[in-house]
Structures are given as C-alpha cells and as structure tokens.
Amino acid sequence: MQHLVKGLNEQQLAAATHINGPLMIVAGAGSGKTKVLTTRIAYLMANGIDAFNILALTFTNKAAHEMKERIGKMLGSNEARNLYVGTFHSVFARILRAEAHQLGYPNSFTIYDSDDARSVIKTVVNELNLDDKHYKPNIVNSRISALKNALIGPADYLNNRAAQEEDTRANRPAIGQIYQSYAARCFKNGAMDFDDLLLKMHELLKNFPPVLHKYQHKFKYIMIDEYQDTNPVQYEITKLLAAANENICVVGDDAQSIYSFRGATIENILQFQKDYEDVKVVKLEQNYRSTKSILHVANHVIKNNTGQIAKDLWTDNAGGEKIKLVRTMTDNEEGKFVADTIKEQKLRNHYTNKDFAILYRTNSQSRAFEESLRRMGIAYKIFGGLSFYQRKEVKDFIAYLRVIANTRDEEALKRIINYPVRGIGKTTIERAVIVANEQNITLWEVFSAAGAYGFKASTLESITNFVTMIRYFQTMLTDKNASDVAVQVGKHTGLVKELFADKSVEGLARYENVQELMNSIKEWTESPDSEDGEVNDKSLGAYLQQITLLTDADNDKEDSDVVKMMTIHGAKGLEFPVVFVGGVEESIFPSGMSINTREELEEERRLFYVAVTRAKTKLWLSFANSRYRFGNLVQNEPSRFLDEMPEDYIDRSYAGGGARNQGGFSNMGTAFERTQRGFGGEAAQAERRYGPPPAKKTQAPAAGTNKPSYMPPPKQAPVVSHTPSGDFVPSDTSNLQAGQQVEHQKFGFGQVTKMEGSAHNPIATVVFKQNGEKKIMLNYAKLRIVE
DNA sequence: TTCTGAGTGCTTTTT
DNA sequence: GCACTCAGAA
C-alpha cells in the first residue's frame, strides 16, 4: 500500500489517505489535484472498499477517462473498470436510463443537445402565437436553463413569484407559458435536455425514496472534482446521495470558478464546511506546474478579486522567463506572430508541436491562428467549436438512429422525414403536425396511421414506405448491436449514396464524415468498456445515450503531435509547456458582455488566472490594435488585466513600446487620448518588426482603373410584365404538344418548342414573345392554351 | 415541391 | 462574415 502514496507531499498524503467522513480539498492550480484524487481512489480500493461503491464525478469525460486509466495503472488490475467515474451528465444519464419508467419516460429516451432544444422552443413559441423576434430561441433557452439549474421546474415556476417577476421585468412575461409547453413537448417526445439530466435526477431521488436508498447504498464513497463549478441542482443531488454515509470528498479551487453562466455558484464550495460536521479541510498550496514568474503573475492578478478562500500558492520550480507581452497591428498579424514564434521555438528549444497551446476567450478568434498555422505548415487541432456530432450530415444520420430507438423523438423525425428527398414536403409535415396536436398523439403515430388522415395518394405512398423502412430497422433493435443497425441505415436510406454522389470538396468531406461516424460506431461497439463503466450494453439505445454528451476534447489522441487550440474554458484542468493567450484586449478579455457588475468582472479575472496558470515554462500574451469583428474593423485597448500584472515579471519588448513603455499602459493617458495619438511610436516599432499593415481595402475602384479581371455574369433580363387576358383560365396541359401557342400569367404569349421531363413531372420549353425562352414545369405553372 | 438569391441579425464561455 | 429566413421562380 505504501507504494501508492510514494512521492506525495504532506498535504497530498493527508488528503489521499483520508477514508471516512467529509473531506474538502482546496487545490490551487497545478498542485497535483488529479494525482491526489486518483491516489485516494486507489487507496480506498487497497483498503478493501469495493470499486462498485465508489462514485467519482468529473467535469469532462476526458478527465474521467484519464482518472480511470491512472487508477488502473496504479493498481495493476482491471478492478478500476468497475468504478463509476464520469461527468455529472453522463453518470446521471445512465442512472436515468435504468430508472426512466419511474418518471414516465421510455428508457431509450433521447438526449436533446442545445440545437434540438432551441428547435423545440421555436416550435413552441410559434404554436403559442408569440413573437419569435422577441422570444428568441437562444434567450428563452438560456432562461429555461437557468431556471432548471436553480432547481425551479416548470411546475415550481407557477408558484415562484420571484422568478415570474424577473421575467415580467425583463418584458418577457410569457416565459412561464413557454416553459410549460416546452417541458410538456420534451416529455411527449420522450426527450431530456442537458439540464433535465440533472433536474430529473433530482426529482427521481427526491420523490422516490426506494431509488434514493438504492443509490445511497450503492455509492458509499463519493468524490466530486471541480466543485467550485457545481450549480444548485448538482449540489442538491450530491447532498442527497451523500446523506446516508457522509463519505463525500470535494475538490475545488474558488479562484478557478468560471462557469457561473451555467448556473454554477461559488457558494457551494464556501458552504461545504457548514453542510457537514467535522469536515476535514486540506489545502494543496505547492504548485508543481509553473515557473515562479508565471505563478507570481497569476497570484498578483487574482488578488484584485474580493472574498476568496485564503491560500498561498508557491512553487519550488525555477524562476523562469518573464511573461512576454505582444502587440500587433491586426488579428492576422497576431496569428502570424504566434505561428512564427512556434516555428522559432521549435528550432531553438527543441519543442514539438504538442508542447504548444493557443488559448483564446471566444471560439471565433481561432480563425486567424488557424490560417497562419496552416500557411506555416504547422499541424494543429482545434478543440471545441462545432463538434463532430453537430455537423449537419452527422446529425442527419444520427437522427435516423434516434427515430429508430425512440419514435416519439419528433425533432429527429422532422429532420429525416424528407431527407433524402422523398416527396414529403413542408405542407405535408405541417398538416401532420396539426393532426398530431389535435388528436394529442405523436407525429410518428400520425404517419404510421397515415391512411386515416386523407393524404393524397402519392404522398401517402411515400409516407407508408418511410414507415415500413423504419419498422424494418426496429426489428433489429433487440438482437443486433448499434453498428449493425447503422450499417443497415446507411444502406437502405440512400443517405450514404446521396452523399457519395456529391463530388464537390464539401460533398466529399461530408461523405467522409459519415464514414467516420460509422467507423466510430463500430469501434464503440467493439470496445470492451465505455466511459462510465457501462457493462457491455452495445445496443443502439446505449450508444445514443452517450453520444450527445461527447465533446471534441474527449476524442483527443494524446500521442498526436499537434498544436492545440481551444478556449480558456476548454483548457481548464490542462497544462502545456508553452502557452499563447490571444486577444488580451478590452471587450474581448474581459468580454464586453461581462464588465457591468463586479461579479462578472471577477469571473473574467478568474478566467485570466486560469489562462495564465495553464503554462509550465513559457507564456505569451498578445493583443492587436485592431481586428475584424462582426465583419468590420474595431479597435480595442489592451486588457485591463495587463495593467494588473507586476511590472518586474513582464517583458514588453514585443509590445512595440520597448523601454519607453516600462511604466505600463496606465501612464499612456486615457484610452481616448491613446486613440487620438494613434500609437505613433509603437505602431512604427511594430511596423519595423512585422512589416507594414496591410493596405486598406479600397472601396469600389473607379471605372477605368483596376478593372476586375472577370465580368460578373449578366443579370437576367427583367421580366417584361404581362397583364393576363381577361378570360385567362388555366388549361389542362397534360397533353400539351410542341408547336402549340400558350399564354402565361407573367410571361405573356409564346410557343411551345419542346416537351421533356417524365410523365409525373413534365417540363415545357416555351419561347415567349416578350421574355424569351423559359422552361415551365407544368405541375406548378399555369398556362392557357391559345391554340 | 424544391431550389436559389437577397436580406437580416448576430457571438462569451459548455455539458 | 456567416448562417439562417423568406420570397419568388421553375
């Protein structure tokens, strides 16, 4: 057992060997938190505690995976496989899947991602005849999310004055109504959104005592990572689960709380000591990650925040280099600087690509970096942003799987009912939706009994074929695994064929993505165990349950030698030898959305703290004089956080100001004055270093000069309007022949020169006297046969 | 029913 | 600058 705790310092040892009773670990950045957590779990198991009785909740699937792997290595056995390790969302999804019937959900319930949720909200808002310009899906969605995270369910809302008044004050009095309908619709669809996974879990434990006892008994030891980022629902759930045994261990750092926008509250970690008696508190204050310079800067900046848990983070590591500040003219030059520097550092210090990380506040900043890296031929990977599973073609394919597993899933059904095109268009779907709402049945039930609702013959045939196909797939559910079903779907829906037919560059990429998806399903089916210890359930339902909760960061292949790019939020918990933080400018970092209250600004500052403490040895902070945002050029001042950094630890020689600027930016006058002066000297310096700024794009070059090398395609001649004859009555055109004279309501008189198309979709070519040759689809256009 | 082109509004961070 | 919506044409 001694070998497990070898190399731990005094505090780490105290935390790792604490077995029974509540424990709070305050772990500063880089203080070996993961090491302590994994050691503690291994230690518990070495002391005879069954892996099946240990629950560890992490913030990302990646962290969960890593933890399990490390414990496995420490113990040298397969026992770690039986641990319940996962994110709040994935662990609860799994429990809910087992207990769904208690709450009236099918156990193959769908998990809606934010896209699905927004889409349902849009439908609901329209059905309630509300203005979707005012009740924007995004806003409504985040409001509902906030309510759920604050433990206010749809029914609770009706009795919650404060919440109602808040919405009335925000001039959105119908939020309550939308919330009710949204929740009802999700339930009808057999679907839970991300927040439901928490809210329903809470409901389950709260309202079903036997279920609560079952899981209290199962999870005798509970560990929660990143406790500072838990929200009230998560707090209540863990409190319920831990109530019986009180063997709960939370790990957190109030200085790294950066998820309040998701309902997280720092209160939870501050409250912990009051919730349980005899809480053992351990502070991990020695940083093993960063140089003295980096740590000192981080500590110095975070001191500007009020109300923290007192701690004193220190390190034995080398002093290290000063933090380098970089000013560039534009965002593109910022990208170029970073790419150049990576190249230089690789040569000079023998770094490889994977030693570098580029961090930024917003996903949209990734573009400039991406372009420069590509130009320099440096391999990179962007984490976050649009995940693989959110790509249209991937979602389309998954939508089939979702419908097969859960026909109540209306969002998925609407997505695929006419994809690939099978003649079930908007009108048909709208009619079906109306029927479904009137009869209070699901959309699928309307389609599967389509004969009863008077669709026209050709439409009915399409619907019946579709229903038959889905039913065929469903016959495979019980005895075939997820991959087998997916292969059949690919074959019989014509989806893969359609993508294959598109030979454009994007089309090829889409085809490859779907192939990739099918491969990953196969891989998942064949892998021995999955994220949170699911035992060999390789059914389609099990596959779908975890897929929505996966993010890009989880597919990270550690061994690939690439520069990593991600938001600072995405970088939490990670470390890199060399870190670049881009866009350290006012209105970006801190975000312009978060400078209105002290709380918001302090969270931005914590985020800055997180960014700085990701670096082990070298750190560059860059900002640009101007950058494109919203499609137009904006000027930002350097971030206020730069002014908060201790001067002695900063190297401004890259910032264009050189020695003249040693005093920091605050002595340069107000932002206004600075803009007025136009940065004269600094700009010139930067110009020497990075070359002249790109020439301003000239607007609409004067005629004669600078002629475009091509002429834009000629605009179609405007239609010469035609007033239809007074006796205009559309003729039966089913026997129309070439040579006949016809009249068109808009184009006037003309002669049919050619007939083509199929019998179902005849197309006539008509040469009009006024408007020239047009192709007319006889199914839609109205023609009067003159002779 | 389906496709196209012009017009509009928007971005903070994520499970 | 892009993604989404809507109107109009075939």
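Lettering follows sequence order; numbering is per chain, from 1. Remember, it's a predicted structure, so these values are computed and weren't measured experimentally.
- Within 6.0 Å of the CD atom in A:Glu461, the count of heavy atoms belonging to other residues, nucleotides or ligands does not exceed 12.
- Between A:Lys136 and B:dT11 there is no side-chain polar atom (N or O) within less than 4.0 angstrom of OP1 or OP2.
- The side chain of A:Ser114 has B:dT15 as its nearest neighbour among B:dT13, B:dG9, B:dT15.
- When the side-chain nitrogen and oxygen atoms of A:Thr567 are compared with OP1 and OP2 of B:dT14, one or more of them lie within a distance under 4.0 Å.
- Here the nucleotide nearest the side chain of A:Phe194, chosen from B:dT1, C:dG1, B:dT15, is B:dT15.
- For an aromatic pair to be called close, the ring centres must be under 6.0 Å apart, and A:Phe466 with A:Phe447 fails this.
- A:Thr548 meets the side chain to side chain donor-acceptor pair (under 3.5 Å) test with no other residue; sequence neighbours excluded.
- With rounding to whole Å, A:Asp225 atom CG is found 14 Å from B:dT15 atom P.
- Here the side chain of A:Met593 is nearest to one of B:dT15, B:dC10, B:dT12, namely B:dT12.
- Note on A:Asn418: a side-chain N or O is less than 4.0 Å away from OP1 or OP2 of B:dT2.
- Map A:Lys133 and A:Glu604 each onto its nearest nucleotide of DNA chain B; the residue landing nearer the 5' end is A:Lys133.
- Rounded to whole angstrom, the span from the CD1 atom of A:Ile595 across to the P atom of B:dT13 amounts to 16 Å.
- For the pair A:Thr428 and A:Phe59, both in contact range of DNA chain B, the more 5′-proximal nearest nucleotide belongs to A:Thr428.
- At a threshold of 4.0 Å, the pair A:Asp254-A:Arg606 does not count as salt-bridged, since none of the basic side-chain nitrogens sits closer than that to a carboxylate oxygen.
- Heavy atoms of A:Arg422 sit nowhere under 4.0 angstrom from any nucleic acid atom.
- Counting to the nearest Å, the C1' atom of C:dG1 and the CZ atom of A:Arg627 are 15 Å from each other.
- One atom, CG of A:Asn138, and another, P of B:dT8, lie 20 Å apart when rounded to the nearest Å.
- Seen from the ring of A:Phe92, A:Lys200 does not count as a face-on cation partner, given the 6.0 Å and 45° thresholds.
- Ionic pairing of A:Glu370 and A:Arg367 is not present here: no N-O contact between side-chain nitrogen and carboxylate oxygen is shorter than 4.0 angstrom.
- Between A:Glu430 atom CD and B:dT1 atom C1' there is a gap of 13 Å when expressed in whole angstrom units.
- Remark: A:Asp409 does not engage A:Lys414 in a salt bridge, criterion side-chain N to carboxylate O under 4.0 Å.
- For B:dT11, neither phosphate oxygen OP1 nor OP2 lies less than 4.0 angstrom from any side-chain nitrogen or oxygen of A:Arg361.
- Comparing B:dT15, B:dT13, B:dT2 against the side chain of A:His89 picks out B:dT15 as the nearest.
- Separating the CD1 atom of A:Ile417 from the C1' atom of B:dT2 is a distance of 17 Å, rounded to the nearest angstrom.
- OP1 and OP2 of B:dT12 both lie 4.0 Å or more from every side-chain N or O belonging to A:Asn363.
- Atom CD of A:Glu226 is separated from atom P of B:dT15 by 12 Å (rounded to the nearest Å).
- Within the cation-pi definition used here (under 6.0 Å to the ring centroid, within 45° of the axis), A:Arg262 qualifies as a partner of A:Tyr259.
- Checking the phosphate oxygens (OP1, OP2) of B:dT15, no side-chain nitrogen or oxygen of A:Thr548 falls inside 4.0 Å.
- Residues from residues 257-265 of chain A with heavy atoms under 4.0 angstrom of DNA chain B, sorted by number: A:Tyr259, A:Phe261, A:Arg262.
- Remark: the separation of the C1' atoms in C:dC4 and B:dT13 is 23 Å, to the nearest Å.
- One atom, CG of A:Asn149, and another, P of B:dT13, lie 18 Å apart when rounded to the nearest Å.
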